[in-house]
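Scroll down for the structure; my scribbles are underneath it.
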Amino acid sequence: MNGAAAVVRWGTFLLCGAGLPSHALAQKPEVSAVQVQMRHVDFHVDSSIVLKIQSLRGELQPTSPEHSPYFDDKSSFVLSIDSARIGIAPASLGDLLNRYTFAYPGSPLKRLRISVEKGQIRQQGTMKGISFNILADLTLTPTGELRLHPSSVKAAGIGVGGLMKFFGLHLEKLVKLEGVRGVRIEKDDFYLDPPRLLPPPLVKGRVGGVEVTDTAMVLTFQPVDSSKVKPLTVPDPKAANYMFYRGGVLRFGKLTMHDADLMIVDANPQDPFDFYLDHYNAQLVAGYEKNTPDHGLIVVMQDYSRTPPLPGETHHRKNRPASVSAD
C-alpha cells in the first residue's frame, strides 16, 4: 500500500468513526442542573404577585436533555426546591388563583379573594355565579398539601353549612374541578399544592410547615428524607440579598456561562431584592457587573421597582408591594 492510499484509508476510517453508528458521533453530553441559593428575594410571578423568599436552596433542572436553563425561556427549567422559607400575602394568593389556576373557560370559581382572620382563612368569590363566603381552618397534610376545612359556609349571604349537611351535600359534588393544577376538593375541604399552583417556571418541592399571620402565609420547604443539601459558598459573603447560581450551563440573553458562577446582588440592600424574571434585562442594564478572581461574575442589580423600562417596553410597572415578613 503506497502512502497516498494509506492516508485515504485512514481518513475514511476516521470519518466513519471507526465503525461507530452516525448517531453516536452526533451525541452531546446531557446538560446538568444549575445549583441555586437565594437570600431575601421578592420574586415576581407577575407585576403584582410576589413570592417573599427569605431563603432558598435548590437547583434549576433543565426540562430538555439537550438545552440548558435559559432565563429568557421560563419553560426551559424547573426550580427544584430542597429547602426554603417563602411567604405570600393572602391577596397575592387570591390573585394567583384567579389569574392562573381558575383562569380557564367555564371555571366554576371566579373573583376569589383570600384574607386571614384570627388565624383562619376566609375565601370569598362566586361559585357558578353565586357569591360565597367560607371561613376555614388551615392545616398541613403529611404529603405537603394545604388543607382548608370550612368552619362556616355562606352562599348569597345565607349560612348554608347546616343545610348542606341535612341534604348530604358536599362542595366536592357542587364544584367539579377536573384537570385543575394544584387544587382539589374532597368532601368540603379544599386542598392546595402550593408548588403546582405557580405558572412557569414550574416549581417542585415538599412543603413541610406552614405559618399564618394577618399579612402572610409562610411556607417552609423541606427535603423528603430530611437530608438538606449543603449551602453554597458565595463569592461575596457580605451580601445580604442575592441569588447565586453555580455549576452546569446557564444562558441569559446572548450569553452562555459554562460551569456557572453567577451571583446577582441587590444594589439596595436596605430592603429585599425586588426581582422580576420577565424584565431581568432591564434590571441588568440599570446595574453593573464585575469579574471575580475565579472567573465568576457578580452582577449588582437595581430593584425592579426602581428600574426604568427599556426603550419600547410597554409593561405596567406597579409600585413595590407592601412588605410581607417571612421571618
Side-chain angles (χ1 to χ4, degrees), residues 27-45 51-86 194-196 198-206 221-225 227-237 239-266 272-285 287 289-301 304:
Q27 281 184 341
K28 297 179 180 179
E30 289 192 2
V31 294
S32 59
V34 177
Q35 300 300 306
V36 60
Q37 183 167 291
M38 299 185 188
R39 292 288 184 275
H40 304 119
V41 177
D42 287 356
F43 194 96
H44 281 257
V45 173
L51 303 179
K52 313 286 289 188
I53 300 174
Q54 178 188 352
S55 62
L56 183 148
R57 178 70 174 90
E59 60 184 21
L60 304 185
Q61 296 179 344
T63 54
S64 165
E66 299 178 353
H67 300 289
S68 56
Y70 184 36
F71 276 4
D72 299 69
D73 180 5
K74 292 187 288 186
S75 66
S76 68
F77 62 91
V78 173
L79 173 57
S80 178
I81 298 176
D82 177 75
S83 58
R85 188 170 171 82
I86 302 173
R196 299 185 71 237
L198 298 168
L202 299 182
V203 175
K204 66 179 182 180
R206 177 181 175 273
F221 286 77
Q222 299 172 345
V224 177
D225 57 3
S227 58
K228 281 189 177 182
V229 175
K230 291 182 179 179
L232 296 174
T233 301
V234 298
D236 183 1
N241 315 332
Y242 66 83
M243 300 186 297
F244 181 49
Y245 301 92
R246 188 72 179 93
V249 178
L250 184 63
R251 298 179 296 148
F252 45 98
K254 297 179 180 180
L255 302 179
T256 299
M257 195 174 199
H258 294 269
D259 189 22
D261 188 349
L262 172 65
M263 186 174 186
I264 301 176
V265 179
D266 187 5
F273 177 36
D274 188 25
F275 180 74
Y276 192 175
L277 183 58
D278 286 6
H279 301 285
Y280 83 88
N281 194 40
Q283 293 183 252
L284 186 63
V285 171
E289 58 278 333
K290 55 184 179 181
N291 290 82
T292 69
D294 295 329
H295 305 287
L297 187 65
I298 296 177
V299 176
V300 180
M301 271 192 183
Y304 170 68

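- Scanning both residues, Pro199 and Val45, for their nearest heavy atoms gives CG-CG1, 3.6 Å.
- Here Arg39 pairs with nothing under the salt bridge (Lys or Arg N to Asp or Glu O under 4.0 Å) rule; sequence neighbours left out.
- Distance alone, capped at 3.5 Å, is enough to place a donor-acceptor pair between the Gln37 side chain and the Leu232 backbone.
- Under a 3.5 Å cut-off, the side chain of Arg85 and the backbone N or O of Leu56 do not form any donor-acceptor pair.
- Between the side chain of Asp82 and the backbone N or O of Val229 there is at least one donor-acceptor pair closer than 3.5 Å.
- Remark: Val300 engages Ala267, Tyr288 in a side chain to side chain contact (heavy atoms under 4.5 Å, CB included) (not counting sequence neighbours).
- At distances below 3.5 Å, at least one donor-acceptor pair connects side-chain atoms of Thr63 with backbone N or O atoms of Ser76.
- Put simply, the side chain of Tyr242 never gets that close to the backbone of His40: no donor and acceptor are under 3.5 Å apart.
- For the atom pair CG of Asp42 and CD1 of Ile53, the computed distance is 8.5 Å after rounding to the nearest 0.5 Å.
- Take Phe275 and apply the ring pair (Phe, Tyr, Trp, His ring centres under 6.0 Å) test, not counting sequence neighbours, and it matches Phe43, Phe273.
- Residues forming a salt bridge (Lys or Arg N to Asp or Glu O under 4.0 Å) with Lys74 (at least two apart in sequence, or on another chain): Asp278.
- With sequence neighbours left out, the ring pair (Phe, Tyr, Trp, His ring centres under 6.0 Å) criterion links Tyr245 to Phe71.
- With sequence neighbours left out, Asp73 forms a salt bridge (Lys or Arg N to Asp or Glu O under 4.0 Å) with no residue at all.
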